[in-house]
Protein chains: 2
Amino acid sequence: MIRRPTLAVVAEAAGVSLKTASRVLNGEPNVAPATRERVRDAAVSLGFRRNAVAADLARGGFSRLVGFITGDLANEFYSALASGIERELREHGLQLLTASSDEDPEREGSLTGELLERRVGALIVTPAGADHSALRGEIAAGLTVVVVDRPAAGMDVDTVVIDNRGGARAATLHLLEHGHRRIGFVGDEPHLWTYQERSAEFLAVMAEAGVPDAGRWLRSGAHSAAAARDLAAELLASPEPPTAVLAANNRATVGTLQALHEVPGGDEVAVVGFDDFELADLLGITVVAYDAVEMGRRAAELAVARSAEPDRPVELVVLPTRVLPRGSGERPPR
Amino acid sequence: MIRRPTLAVVAEAAGVSLKTASRVLNGEPNVAPATRERVRDAAVSLGFRRNAVAADLARGGFSRLVGFITGDLANEFYSALASGIERELREHGLQLLTASSDEDPEREGSLTGELLERRVGALIVTPAGADHSALRGEIAAGLTVVVVDRPAAGMDVDTVVIDNRGGARAATLHLLEHGHRRIGFVGDEPHLWTYQERSAEFLAVMAEAGVPDAGRWLRSGAHSAAAARDLAAELLASPEPPTAVLAANNRATVGTLQALHEVPGGDEVAVVGFDDFELADLLGITVVAYDAVEMGRRAAELAVARSAEPDRPVELVVLPTRVLPRGSGERPPR
DNA sequence: TCGTCGGCTGACAGCGCTGTCAAACGCAGA
DNA sequence: TCTGCGTTTGACAGCGCTGTCAGCCGACGA
């Protein structure tokens with residue numbers, strides 16, 4: 001284990017007290033320029049590096065760290081979030097401590113504990129489970145928590161989500177306007193809030209359009225591309241197959257495309273996907289897009305704001321979505 | 001700022017000394033079962049949470065944190081790395097502190113500084129620049145550093161890379177075997193080590209195959225998909241256009257596909273991409289694949305091993321690559 | 001000349017925890 | 001009963017830093 005010179009060593013080398021050295025290295029005022037320089041020189045020549053751990057402790061035990069508990073870092077959506085968060089935190093001199101829950105509520109709990117032991121100043125979470133009792137206690141105790149992507153049921157915390165309803169409505173209308181009536185819906189796990197929002201709005205729009213039994217084309221469970229593929233295949237093989245599919249997340253879109261690829265005439269089926277992805281452009285896939293990096297940025301912004309002002313009113317940020325027509329969503333019904 | 005009960009409070013509530021409470025909460029031996037229970041109860045009922053910051057300081061100033069400095073968290077390759085690292089660290093009770101350098105050497109330097117101030121036990125880096133003088137000093141001082149994806153020039157540290165040469169060779173041979181002679185190469189920025197390795201091997205294999213002037217189809221600068229697209233378009237518009245393209249990274253592949261999409265007859269050009277990506281399957285793109293998550297895992301493993309045993313010999317881990325034929329690379333020359 | 005004020009500096013007491021070391025205790029064998 | 005040993009417990013001194021507060025100095029106005 002590497003051993004570094006302490007402030008005391010620097011102070012002694014510069015011939016000043018510990019406190020004066022501390023002042024210089026923290027850029028505090030009221031130090032004579034000559035002294036300042038002497039301390040700086042000593043610090044540099046000794047290879048001094050301040051110990052942020054000790055500094056945080058002395059300052060009151062709180063670190064300049066913000067924890068981010070995410071579903072799965074390898075998923076492009078979460079990493080976009082992390083990227084936005086990190087960038088914003090940096091502006092405020094804060095650092096990001098990430099941890100993946102693998103969408104496992106139990107693990108989410110233990111990670112929360114670890115981050116709290118690390119005395120993070122705030123926690124940004126994409127809630128995996130429905131039970132946030134542990135978190136609730138912390139919030140009551142004054143911890144800054146921001147949830148992102150999905151609201152945490154029954155908790156009064158700052159939240160950043162996208163306009164799931166609006167996106168689902170726009171996508172459904174888009175397909176209806178292109179003449180489709182039999183529209184399939186391939187969605188995520190039913191317990192996920194985003195699924196519920198998107199599917200509910202889909203059904204509502206369909207009903208408004210005079211297609212009351214749209215529920216028979218509604219499928220859920222597409223948490224992986226493979227699952228989505230099976231669901232879509234089953235949908236297309238039904239007696240009255242849809243002429244269009246609304247895939248409710250990026251996995252679902254990929255799986256649906258795979259299924260369509262394998263079914264004869266599958267390339268005539270219209271597709272709109274929720275969530276943009278890099279190659280959607282190339283593939284000509286019409287999607288409901290939004291800015292995931294911005295989502296992370298806003299979450300971090302809220303975390304910073306609440307830390308500074310704990311009594312500010314709780315905020316709900318809803319980011320807009322928009323339909324990006326690229327061809328697959330504009331195909332007419334067969 | 002949330003205020004938590006300290007160990008001293010727990011100890012008092014349980015009627016024991018600070019040290020005994022500490023022993024219980026750290027699972028140390030030699031505490032009477034009854035005492036143990038009393039302390040546990042007190043801790044739970046008070047909502048005690050140990051302060052890892054203070055504990056680390058008391059133990060010698062080192063945190064159980066490992067820093068990871070990456071090019072861009074939003075890039076699917078880096079997030080796969082991060083995911084693998086995180087998983088492995090967790091096994092050892094360590095936490096991941098991530099930071100993005102945006103491939104900026106200067107920022108890499110300042111991030112390194114911040115992480116060191118945080119007293120990370122080890123640093124995992126994908127080196128952005130060529131100058132690692134700052135890092136070199138730290139390594140000399142005993143800091144554990146592992147570099148991943150690209151070696152750090154002139155530094156004797158544990159390294160995890162993939163077999164770039166082997167992958168490039170296999171990809172080039174694959175195209176040659178399918179009858180191509182005029183093979184284009186769309187590569188990343190020339191200063192990147194991965195570019196140099198891949199392009200050099202490409203040229204070597206071409207020369208061995210009796211195509212000595214393959215350099216005229218070699219292009220570099222495809223750091224973004226847009227840049228790659230322009231390069232590929234220019235290549236295809238040349239008087240003697242290639243009948244196949246080897247795209248040397250995932251951005252390059254995407255850009256090349258875009259370019260081919262726009263050129264008449266572009267879909268007859270064979271393509272092999274370096275780096276697998278999710279939709280490559282769906283698009284039928286032949287790629288040189290490898291396991292980025294495993295890469296991260298191995299890097300973390302090395303970091304842990306070296307921290308435990310600083311004098312172990314420096315290791316170079318080279319992960320294998322393999323060609324995944326999916327159609328685009330098997331098209332014959334026109 | 002003296003008093004006052006602002007700039008500069010340092011002594012000291014923690015922050016919350018752990019390592020060290022010594023004391024206290026209980027129980028076995030002599 | 002006394003000695004010896006292992007178990008259990010606690011006092012105390014830090015880890016490296018910052019906040020508080022007091023002291024020192026020269027400059028300035030009266």
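Chain identifiers are assigned alphabetically (A, B, ...) following the order of the sequence lines, protein sequences preceding nucleic acid strands; residue numbering begins at 1 within each chain.
- For A:S22, no side-chain nitrogen or oxygen approaches OP1 or OP2 of D:dC17 to under 4.0 Å.
- In this structure, CG of A:N51 is placed 18 Å from P of C:dC15, rounded to the nearest angstrom.
- Phosphate proximity of D:dG10 to B:T20: present, with a side-chain N or O under 4.0 Å from OP1 or OP2.
- In this structure the side chain of B:R49 reaches within 4.5 angstrom of the side chain of A:R119, judged on heavy atoms.
- Atom CG in A:L25 sits roughly 9 Å away from atom P in D:dC17 (whole-Å rounding).
- Between the CD atom of B:E28 and the C1' atom of D:dT7 there is a distance of 15 Å, given to the nearest Å.
- Within the 4.0 angstrom heavy-atom criterion, no nucleotide atom of any strand lies near B:V53.
- C:dC15 atom P lies 9 Å from atom CG of A:L57, rounded to whole Å.
- When distances are taken from the side chain of B:R50 to each of C:dC17, C:dG19, C:dG10, the shortest belongs to C:dC17.
- Comparing A:L18 and A:P29 by the nucleotide of DNA chain C whose heavy atom lies nearest to each, the residue mapping closer to the 5' end is A:P29.
- Atom CZ in A:R119 sits about 14 Å away from atom P in C:dC15, given to the nearest Å.
- Put simply, A:T35 has a side-chain N or O that comes within less than 4.0 Å of OP1 or OP2 on C:dT9.
- Taking the side chain of B:K19 as heavy atoms from C-beta on, and the options C:dC17, C:dG19, C:dC8, the nearest nucleotide is C:dG19.
- Between B:E86 and B:S83, every side-chain heavy-atom pair lies at or beyond the 4.5 Å cut-off.
- Contact between the side-chain N/O atoms of A:S17 and the OP1/OP2 oxygens of C:dG10 is found at a separation under 4.0 Å.
- Residue contacts for B:N26: at a heavy-atom cut-off of 4.0 Å it reaches the sugar-phosphate backbone alone, with no base atom in range.
- The shortest heavy-atom contact between A:S100 and A:G71 is CB-O, 4.2 Å.
- In this entry the distance linking CG of A:D56 with P of C:dC17 reads 15 Å, nearest Å.
- Among the atoms of the strands shown, base atoms are found under 4.0 Å from some heavy atom of B:N30.
- Rounded to whole angstrom, the span from the CG atom of A:L46 across to the P atom of D:dG16 amounts to 15 Å.
- A donor-acceptor contact under 3.5 angstrom links the side-chain atoms of A:R23 to the base of C:dG10.
- Closest to the side chain of B:A55, out of C:dT9, C:dC17, D:dC17, is C:dC17.
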